[in-house]
Asker: 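Here it is, the structure, as structure tokens.
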Number of protein chains: 2
Amino acid sequence: MADSKIRNMEQFAAISGISRPTISKYFNDPDSVRSSTRERIEAAIEKHDYRPNIYAMNQNRKLTKNVGIVLPFLADPFFTEIARSIEQHCIDAGYRPTLFSSHGDPRLETEILDTLASMKPAGVLLAPLGRASDKSAIEKFCKQVPTLIFDSSVDELGIAFVGSDNFQFTELITDYLCRTGEPPCFFEMKTPANPNAHRRRASYLNAMEKFGYEPQVVSVPGEGWDFEAIGMQGGRAALADGRFKTNTVLCSNDRLAIGMLAACYAEGLRVGRTKDDAIRVAGQDGHPFSSYTCPPLTTVAHDYQAVSQHAVETLFQAIEGSVSDWESTRFEGKLIMRQSA
Amino acid sequence: MADSKIRNMEQFAAISGISRPTISKYFNDPDSVRSSTRERIEAAIEKHDYRPNIYAMNQNRKLTKNVGIVLPFLADPFFTEIARSIEQHCIDAGYRPTLFSSHGDPRLETEILDTLASMKPAGVLLAPLGRASDKSAIEKFCKQVPTLIFDSSVDELGIAFVGSDNFQFTELITDYLCRTGEPPCFFEMKTPANPNAHRRRASYLNAMEKFGYEPQVVSVPGEGWDFEAIGMQGGRAALADGRFKTNTVLCSNDRLAIGMLAACYAEGLRVGRTKDDAIRVAGQDGHPFSSYTCPPLTTVAHDYQAVSQHAVETLFQAIEGSVSDWESTRFEGKLIMRQSA
DNA sequence: ATCAAAACTTACCGCGCGTAAAGATTTTAT
DNA sequence: ATAAAATCTTTACGCGCGGTAAGTTTTGAT
């Protein structure tokens, strides 16, 4: 019945028998009003289906309830999985998440940061492109907006970094591969997108030395974020040239490994860990699709839940008060043994 | 030098020597001012790095330059690929896209629609969840905001529907499979997420009858959007029970096919189209990962570019004037022959 | 019942911009 | 050159809400 006549908070206040400042206070923080008033307001909201104008709300507020989430590349279920988890945590904390993707383009990343700055967000969760990022733009942005960097670190920018312990990842799986067969060759992109790849290579070299094996790094060319294609093309070439000195290939990440599996298939090599198999292939990330490759991919899985939860918690702690020093948190990965290695 | 002193349009107008209403007019539509003034304004923008407050802008505008993009499920490169393309088209047209994902949850979809309604967007591109969607909520939303439905149709809601011609998809690949080997069995979810699946089944039945073969539909149980898992589990069970009466399986979509390939691998069946292979598997969608399965997946690819471009164009035509009748546009798919079938 | 604290109301101003109307200025056409 | 048209400036008001200061009412403890 009575509905769309309410055009602003004043009218809503009048019709619900409560003063406008109190209504305003309620929308800022429902717990700041007496429970009896809260119930009356909520009943009126229910009845008249009123929502305050978000633009008018955000105009004068120094800080909005917006939270920006910036991903480097959307067409990768690894990131979307994290995004889903982060989004949920933000909503639970009473914030309004907005998702952006740089789609692998540094100019777009800078544009997004620009847009975001004008949105006066309470905070931003940023997974940067990495190497290609305009670092000065990110640095400038971090000075304006409380920013938590995740997945891929950029100097000591923002309020904190949350990610995975890439050293541990690679050491864990290198150890596993060495114990269960021939020591692995390391398969990677020559110019990887982000610093995680460098950490993983360094960890591989370190682990191989520790275990007393000679490291073999196979770096393949390719730019951009089309990792599967790069892994497949580079993998075929490397296989054809006999650049893998052992029968075991540890890929820098799962998407590269998926490309490598396709390369093995194309070259007629049976992948697996049995006597009949020609080659073992392992990845790193615990990519959502890694369960469905043929054969299923042995990998090290991120602790998605821990990363996303800690990222959001750290951001909100910084927003809602305590200004602590910059810190870096890296979660350990879990070895997932499947048939590929 | 002179920079962050400019706090509003008034000050910017003063410092750039142009009246505020003209500045305002410029930001609404740069082409609405004389080219000489435009150049002066743009020089001043460049110099002082001024951007109008988006909240104050949008508060009074009846329509904003926002465009909402709603996806049913983000962790699927099929959708993110379309999203990327649509986003770009929106930006090119001078709009500000905002991306949302329902993450397979109908309540979240309704919430997103609620949020979107309060954003006064110029228009919305909505790919609904399908069967699970709250149709009344969508219908209500479509009355408030110019909405273009894509991918999966819901009645004749919104200003138009743009998607793919599922009948053609399935007929095309069914024909191909019949011509090149045994006629296909149709592999699908018992309770599929959206109406596209029903169209594809109907098309399969129709095509099989037309070609004079007896159709064989294998429906497997499973809820939600975890298609690969459903395909793998259902596929293994169906293979074990001998429910596929021929050596050819046409999957309702590529993600199901990826699960089916994993099932074949687990059951020790070699997939392919040569004499040595035990079974042929084909998908539908042209999923970004379908090139990298083992073996690479034969499928029918959406015309991504055409769908996204036509969707955006149709929306903007409706926004910027011409109110034409509701219409449905479905683009044909292209057969992609790979090794799996 | 008494009183201070907590919660609420009234009244008013400010935010940054959209928009309209009327007059002044520039551009274009004749 | 001159009139008509297009564009710009000035002035003024409104949007829907945030925020504050002063009074008033309600609450809960004594």
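Lettering follows sequence order; numbering is per chain, from 1. All values reported here derive from a predicted model rather than from experimental measurement. Computed from heavy atoms alone, side chains included, the values below leave out hydrogens, waters and symmetry copies.
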Asker: So, do A:Val70 and A:Ser102 sit near enough that their side-chain heavy atoms are less than 4.5 Å apart?
Answerer: yes
Asker: Would you kindly give the CD1-to-P distance between B:Ile18 and D:dT9, to the nearest whole Å?
Answerer: 6 Å
Asker: On DNA chain D, nearest-nucleotide positions of B:Ser19 versus A:Asn58: which is more 5'?
Answerer: B:Ser19
Asker: D:dC17 C1' sits how many Å from A:Ile6 CD1, rounded?
Answerer: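 Value for this atom pair: 16 Å.
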Asker: Would you say A:Tyr50 places a side-chain N or O within less than 4.0 Å of OP1 or OP2 belonging to D:dC17?
Answerer: yes
Asker: Just the rounded figure in Å: distance from C1' of D:dC15 to CZ of A:Phe12.
Answerer: 19 Å
Asker: Tabulate below the donor-acceptor pairs under 3.5 Å that side-chain atoms of residues 135-163 of chain A make, not counting sequence neighbours, or state none.
Answerer:
residue	atom	partner	partner atom	Å
A:Ser136	OG	A:Asp134	OD1	2.8
A:Thr147	OG1	A:Val145	O	2.8

Asker: If the sugar-phosphate is the primed atoms plus P, OP1 and OP2 and the base is the rest, what is the B/S/- string for nucleotides 19-30 of chain D, using protein heavy atoms under 4.0 Å?
Answerer: B-------S---
Asker: Does a side chain donor of either B:Tyr50 or B:Gln11 reach within less than 3.5 Å of an acceptor in the other side chain?
Answerer: no
Asker: Rounded to whole Å, how long is the line connecting atom CZ of A:Arg51 with atom P of D:dC17?
Answerer: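 Nearest whole value for this atom pair: 13 Å.
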Asker: Could you check whether the rings of A:Phe12 and A:Phe27 sit parallel, tilted or perpendicular, using 30° and 60° as the cut-offs?
Answerer: tilted
Asker: Between A:Gln59 (side chain only) and B:Gln59 (backbone N and O only), is there a donor and an acceptor less than 3.5 Å apart?
Answerer: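 Answer holds: no.
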Asker: Taking the nucleotide of DNA chain D with the closest heavy atom to each, which residue, B:Gln59 or B:Ser32, is nearer the 5' end?
Answerer: B:Ser32
Asker: Could you tell me whether the side chain of A:Asp105 reaches within less than 4.5 Å of the side chain of A:Glu111, counting heavy atoms only?
Answerer: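 A side-chain contact is absent here, since even the closest heavy-atom pair is not under 4.5 Å.
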Asker: Can you give the donor-acceptor pairs under 3.5 Å from side chains of residues 121-128 of chain B to other protein atoms, not counting sequence neighbours?
Answerer:
none

Asker: Could you state the atom-to-atom distance from CD of A:Glu10 to C1' of D:dG14 in whole Å?
Answerer: 14 Å
Asker: By side chain to side chain donor-acceptor pair (under 3.5 Å), which residues pair with B:Arg107, not counting sequence neighbours?
Answerer: none
Asker: Please tell me if B:Thr37 has a side-chain N or O lying less than 4.0 Å from either OP1 or OP2 of D:dC8.
Answerer: yes
Asker: Give the first and the last nucleotide of DNA chain C, reading 5' to 3', that has any atom under 4.0 Å from a heavy atom of chain A.
Answerer: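 With heavy atoms of chain A under 4.0 Å away, the range is C:dA7 to C:dG16.
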Asker: With sequence neighbours left out, which residue pairs that include part of residues 67-95 of chain B fulfil the ring-ring contact (aromatic ring centres under 6.0 Å, His included) condition?
Answerer: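 The answer is B:Phe73-B:Trp225, B:Phe78-B:His302, B:Phe78-B:Tyr304, B:Tyr95-B:Phe316.
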Asker: Given atom NZ of B:Lys25 and atom C1' of D:dT10, what is their separation to the nearest angstrom?
Answerer: 15 Å
Asker: In whole Å, what is the span from the CD1 atom of A:Ile54 to the P atom of D:dG18?
Answerer: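 Rounded to the whole Å, the gap is 13 Å.
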Asker: How many whole angstroms separate atom CZ of B:Arg38 from atom P of D:dT7?
Answerer: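 Between P of D:dT7 and CZ of B:Arg38: 11 Å.
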